[in-house]
2 protein chains.
Amino acid sequence: MRKEKTCIPAPAVDALVREVIARVADKWTMLVLGALEEHGTLRFTRLAEFVEGVSQKMLTKTVRQMEADGLVTRTVHPVIPPHVDYALTPLGRSLGAAFCGVWKWAEKNHAKVEASRKAFSKKHSG
Amino acid sequence: MRKEKTCIPAPAVDALVREVIARVADKWTMLVLGALEEHGTLRFTRLAEFVEGVSQKMLTKTVRQMEADGLVTRTVHPVIPPHVDYALTPLGRSLGAAFCGVWKWAEKNHAKVEASRKAFSKKHSG
DNA sequence: CCGGATCCGGTAGGATACTG
DNA sequence: CAGTATCCTACCGGATCCGG
């Protein structure tokens, strides 16, 4: 049943890939990525506005993680009031491009998902 | 700075899309999706083997969620011992295809991510 | 025996207040 | 304005039991 030529990685690097997937397959990571891709360089507060619903703690944690992973740059301007800019690195942009398919999928299919959800909850209530 | 023609959804459906993204951008969801895409129909225990590191509880929760979202079918064979098959729906397969780009990205760039991580931790220790 | 529901301890995450 | 510290909740994971 194994598909011959899709997107399955070689067995050797499988664990590494899974680890990276587990890291980037995070809703805040994806949403930060999307916000930075759409709006370009953003300051912390502005980023928080676009990634609606995120707490400061999670946003801080997420951008730090993304910085560590080489997905974003974090530029601190030593002025008062503080000014910190976040921007995608080339690596981050390439990940954004890779996620593009998922965005388009969500855009196209969110109605189906919602319909399935409704049918499922109805089936479980009845 | 807004990019004119990438993968940015229309403003109106933006919230819906974000909601779906937040739902599917989950590491277990992605890994279950990958496992089912690679190996086809799987029983619960077998699925747990391929999605290494997942607890039964989280696997149950994840597949139930995916079932509710219309991504997988859950077929209970009323036999003893119990036999439950999980398989991707067409919608699930289409999401798998969308995630394909992310997998390929991870396959290609995991070394860069790891290098960035090392450099970052070194910079923070020194 | 398999799938999963339950109880319980640990930890990740949200809200708020405070510092530079 | 950006980030930290604190508290507190809710969810996550492991072990165990149960129903079939």
Side-chain angles (χ1 to χ4, degrees), chain A residues 18-19 21-33 35-36 39-69 71-88 120-121 123-125, chain B residues 18-19 21-32 35-36 39-69 71-88 120-121 123-124:
Chain A
R18 292 254 280 270
E19 197 274 336
I21 289 288
R23 188 75 87 97
V24 300
D26 170 73
K27 81 174 176 177
W28 297 133
T29 300
M30 278 205 64
L31 293 175
V32 167
L33 196 67
L36 288 177
H39 302 281
T41 302
L42 290 173
R43 309 179 53 164
F44 185 86
T45 304
R46 199 121 168 84
L47 187 54
E49 288 168 12
F50 287 119
V51 185
E52 211 163 343
V54 73
S55 62
Q56 301 101 313
K57 186 201 273 186
M58 282 315 294
L59 184 55
T60 300
K61 183 184 174 185
T62 301
V63 293
R64 285 291 217 278
Q65 180 109 51
M66 292 174 77
E67 186 194 5
D69 289 351
L71 302 176
V72 302
T73 56
R74 180 173 170 273
T75 309
V76 180
H77 302 281
V79 298
I80 293 179
H83 189 125
V84 182
D85 282 327
Y86 294 95
L88 291 181
F120 186 80
S121 63
K123 188 175 68 176
H124 274 241
S125 64
Chain B
R18 291 253 280 269
E19 198 273 338
I21 289 288
R23 189 75 87 97
V24 300
D26 170 74
K27 81 173 177 178
W28 297 134
T29 300
M30 277 204 65
L31 293 175
V32 166
L36 288 177
H39 302 282
T41 301
L42 290 174
R43 311 183 48 164
F44 185 86
T45 304
R46 198 124 167 83
L47 187 54
E49 289 168 13
F50 287 119
V51 184
E52 211 162 343
V54 73
S55 62
Q56 301 104 313
K57 187 199 280 185
M58 281 316 293
L59 185 55
T60 299
K61 183 184 174 185
T62 301
V63 293
R64 284 290 218 276
Q65 180 108 57
M66 292 174 77
E67 186 194 4
D69 289 352
L71 301 177
V72 303
T73 56
R74 180 173 169 273
T75 309
V76 180
H77 302 281
V79 298
I80 294 179
H83 189 126
V84 182
D85 282 328
Y86 294 94
L88 290 181
F120 185 81
S121 62
K123 187 176 67 174
H124 274 241

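In this text, all values refer to a predicted model and were calculated from it rather than measured experimentally. To find a chain, count down the sequence lines: A is the first, B the second, and so on, and within it residues start at 1.
Every residue two or more places apart in sequence or in another chain that forms a side chain to side chain contact (heavy atoms under 4.5 Å, CB included) with Ala87(B) is listed here: Thr41(B), Thr73(B). With sequence neighbours excluded, the residues that form a side chain to side chain contact (heavy atoms under 4.5 Å, CB included) with Glu49(A) are Thr45(A), Arg46(A). Every residue meeting the side chain to side chain donor-acceptor pair (under 3.5 Å) condition with Glu19(B), not counting sequence neighbours, appears here in chain and number order: Arg117(A). Applying the side chain to side chain donor-acceptor pair (under 3.5 Å) test to Thr29(A) and every residue at least two apart in sequence or in another chain returns Asp26(A).
Taking 4.0 Å as the cutoff to heavy atoms of chain A, we find the contact window on DNA chain C bounded by dG13(C) to dG20(C).
Taking the nucleotide of DNA chain D with the nearest heavy atom to each of Pro82(B) and Val84(A), the more 5' of the two is matched to Val84(A).
For DNA chain D, the neighbouring residues in residues 72-81 of chain A, judged by any heavy atom under 4.0 Å, are Arg74(A), Pro81(A). Scanning residues 46-58 of chain B for heavy-atom distances under 4.0 Å to DNA chain D yields Ser55(B), Lys57(B), Met58(B).
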For residues 78-86 of chain A, run the donor-acceptor check on the side chains, cut-off 3.5 Å, and write out each pair with its distance to 0.1 Å, sequence neighbours left out.
{"from": "His83(A)", "atom 1": "ND1", "to": "Arg43(A)", "atom 2": "NH1", "distance (Å)": "3.2"}
{"from": "His83(A)", "atom 1": "NE2", "to": "Asp85(A)", "atom 2": "OD1", "distance (Å)": "3.2"}
{"from": "Asp85(A)", "atom 1": "OD2", "to": "His77(A)", "atom 2": "NE2", "distance (Å)": "3.0"}
{"from": "Tyr86(A)", "atom 1": "OH", "to": "Arg74(A)", "atom 2": "NE", "distance (Å)": "3.3"}

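Residue Arg64(A) places at least one side-chain N or O under 4.0 Å from the OP1 or OP2 atom of dT4(D). Side-chain nitrogen and oxygen atoms of Tyr86(A) include none within less than 4.0 Å of the OP1 or OP2 phosphate oxygen of dC1(D).
Remark on the helix from dC1(C)-dG20(D) to dG20(C)-dC1(D): inter-end axis angle 30°, axes from five-pair C1' superpositions, rounded to 10°.
Taken from CE in Met66(B) to CG in Leu88(B), the straight-line distance is 6.5 Å, to the nearest 0.5 Å. To the nearest 0.5 Å, atom OG1 of residue Thr62(A) and atom CD of residue Glu67(A) are 12.5 Å apart.
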